[in-house]
**Student:** 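Please read through the structure below; I'll follow up with questions.
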Amino acid sequence: MKPFSMHAVLKYRQQLEDTARQILYQALELEARLLEITMQTEEELAALYRDTQRDREQGTSVDRMLLFEYRIDLIKQQLEVQRSDLEKQQAQVAKKRQQLIRASRDRKVIEKLQEQQNAAYAKFLEKKEMVLLDEIAVLSHERKHR
């Protein structure tokens, strides 16, 4: 008896793996964008510090220094939020990576099962053929001795 075809199951597992790969790719892209935004904000903060230091050395008004301080505080708050978002996204990337690994492992298990099933069926057919050949040999031998 022909075994259950694993082709449909294998195709489904491949689709799941492909979907997991696409989701991971999207998560990685988002992580890269968040990292870039965070780096730009850090550069902006560093530039503000440099400008503040330069203005202090050259002498400036108190109002201008207060504006720098307010801007620095605002940028620091933005940076904290961005770093938090980046950490959350990195956790998501790790989670999506694990899902891809699991999907890949599941597909490989089905592939192995299909190979084992095909090998078992081939062995079954070989045994059936041997029995048939033995029967033909016995019948042929009986005809010759009659």
Side-chain angles (χ1 to χ4, degrees), residues 1-140:
M1 180 168 139
K2 180 132 174 78
F4 173 73
S5 176
M6 301 290 269
H7 180 70
V9 176
L10 188 59
K11 184 177 177 183
Y12 175 70
R13 293 292 183 176
Q14 183 65 48
Q15 289 173 345
L16 288 178
E17 184 181 359
D18 292 343
T19 301
R21 185 175 290 113
Q22 289 172 348
I23 290 171
L24 174 62
Y25 179 72
Q26 291 169 352
L28 286 169
E29 282 184 333
L30 181 57
E31 179 187 19
R33 283 195 305 264
L34 289 173
L35 182 61
E36 183 179 338
I37 290 169
T38 303
M39 289 174 58
Q40 288 173 351
T41 305
E42 288 173 348
E43 289 173 9
E44 183 179 354
L45 184 61
L48 281 172
Y49 280 131
R50 284 191 304 271
D51 291 346
T52 303
Q53 184 63 32
R54 185 192 66 225
D55 281 1
R56 280 186 187 148
E57 290 171 357
Q58 293 176 354
T60 187
S61 69
V62 174
D63 291 337
R64 184 165 168 83
M65 292 305 291
L66 283 174
L67 287 175
F68 269 117
E69 290 301 321
Y70 291 144
R71 182 70 179 153
I72 286 172
D73 288 341
L74 179 66
I75 296 297
K76 282 182 179 179
Q77 290 173 0
Q78 286 178 348
L79 193 56
E80 286 179 26
V81 170
Q82 290 170 354
R83 285 179 178 159
S84 173
D85 290 346
L86 181 60
E87 287 175 10
K88 288 177 187 175
Q89 187 60 31
Q90 287 171 338
Q92 283 293 319
V93 165
K95 182 180 174 184
K96 301 302 180 192
R97 187 171 280 126
Q98 289 301 316
Q99 289 174 349
L100 174 60
I101 289 169
R102 194 175 316 115
S104 179
R105 197 175 318 138
D106 289 347
R107 179 190 51 81
K108 288 177 183 178
V109 166
I110 296 298
E111 283 178 347
K112 266 190 178 173
L113 184 61
Q114 183 180 26
E115 288 173 9
Q116 290 172 353
Q117 189 181 41
N118 288 345
Y121 185 63
K123 192 173 183 180
F124 168 77
L125 288 178
E126 188 177 315
K127 282 184 180 180
K128 196 172 183 181
E129 184 180 356
M130 291 298 284
V131 168
L132 186 63
L133 289 175
D134 286 347
E135 190 175 320
I136 291 172
V138 167
L139 290 175
S140 175

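Please read these numbers as outputs of a predicted model, since none were measured by experiment.
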**Student:** Can any side-chain N or O of T19 pair as donor or acceptor with the backbone N or O of Q15 at less than 3.5 Å?
**Tutor:** yes

**Student:** With no hydrogens and no angle check, do the side chains of T41 and Q78 hold a donor and an acceptor under 3.5 Å apart?
**Tutor:**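 Not at all, the side chains of T41 and Q78 share no donor-acceptor pair under 3.5 Å.
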
**Student:** Check this for me: does any side-chain nitrogen of one of E111 and R107 sit under 4.0 Å from a carboxylate oxygen of the other?
**Tutor:**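 Looking at R107 together with E111, the answer is yes, because their closest N to O distance falls below 4.0 Å.
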
**Student:** Determine, for E17 against R13, whether the closest basic-nitrogen to carboxylate-oxygen distance falls under 4.0 angstrom.
**Tutor:** no

**Student:** Keeping the roles fixed (side chain from T60, backbone from R56), state whether a donor-acceptor pair exists under 3.5 Å.
**Tutor:**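 Looks like no, no N/O pair under 3.5 Å.
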
**Student:** Are there over 12 heavy-atom neighbours, none belonging to E135, within less than 6.0 Å of that residue's CD?
**Tutor:**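 Atom CD in E135 is not crowded, with 12 or fewer foreign heavy atoms closer than 6.0 Å.
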
**Student:** Looking only at heavy atoms, which two atoms of I23 and K96 are closest? And how far apart?
**Tutor:** CG2-CD, 3.5 Å

**Student:** If we count only N and O atoms by modelled type, under 3.5 Å, do the side chains of Q26 and Q22 hold a donor and an acceptor together?
**Tutor:** no

**Student:** Output yes when E115 and K108 qualify as a salt bridge under the 4.0 Å nitrogen-oxygen rule, no when they do not.
**Tutor:**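 No salt bridge links E115 with K108.
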
**Student:** Name all residues meeting the side chain to side chain donor-acceptor pair (under 3.5 Å) criterion together with E44; count only those two or more places apart in sequence or in a different chain, and write none if there are none.
**Tutor:**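 With neighbours one apart ignored, the set is R71.
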
**Student:** Looking at every non-hydrogen atom in both residues, tell me the closest pair between R64 and D55 and how far apart they are.
**Tutor:**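 So the two residues come closest at NE-OD2, 2.7 Å.
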
**Student:** Counting N and O atoms only, with roles assigned by atom type, does the side chain of S84 sit under 3.5 Å from a partner on the main chain of E80, one being a donor and the other an acceptor?
**Tutor:** no

**Student:** Provide the closest heavy-atom pair for L24 versus V93 in the form atom of the first, atom of the second, distance.
**Tutor:** CD1-O, 3.7 Å

**Student:** Compute whether any side-chain donor of one residue and acceptor of the other, for Q53 and Y49, lie under 3.5 angstrom apart.
**Tutor:**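 No, no side-chain donor-acceptor contact under 3.5 Å.
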
**Student:** Can you tell me if Q89 uses its side chain to pair, donor with acceptor, with the backbone of A27 under 3.5 Å?
**Tutor:** yes

**Student:** Do you know the tightest heavy-atom contact between M6 and I110?
**Tutor:**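 Heavy atoms only, the tightest pair is CE-CG2, 4.3 Å.
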
**Student:** Counting distance only, does the side-chain N/O of T38 pair as donor-acceptor with the main-chain N or O of L34 below 3.5 Å?
**Tutor:**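 Flag set: sc T38 to bb L34 pair under 3.5 Å.
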
**Student:** Looking only at non-hydrogen atoms, find the nearest pair between R21 and L100 and report the distance.
**Tutor:** N-CD1, 3.7 Å

**Student:** Between Q14 and D18, does any side-chain donor sit less than 3.5 Å from a side-chain acceptor?
**Tutor:** yes

**Student:** Is the number of heavy atoms from other residues, nucleotides or ligands within 6.0 Å of CE (M65) greater than 12?
**Tutor:** yes

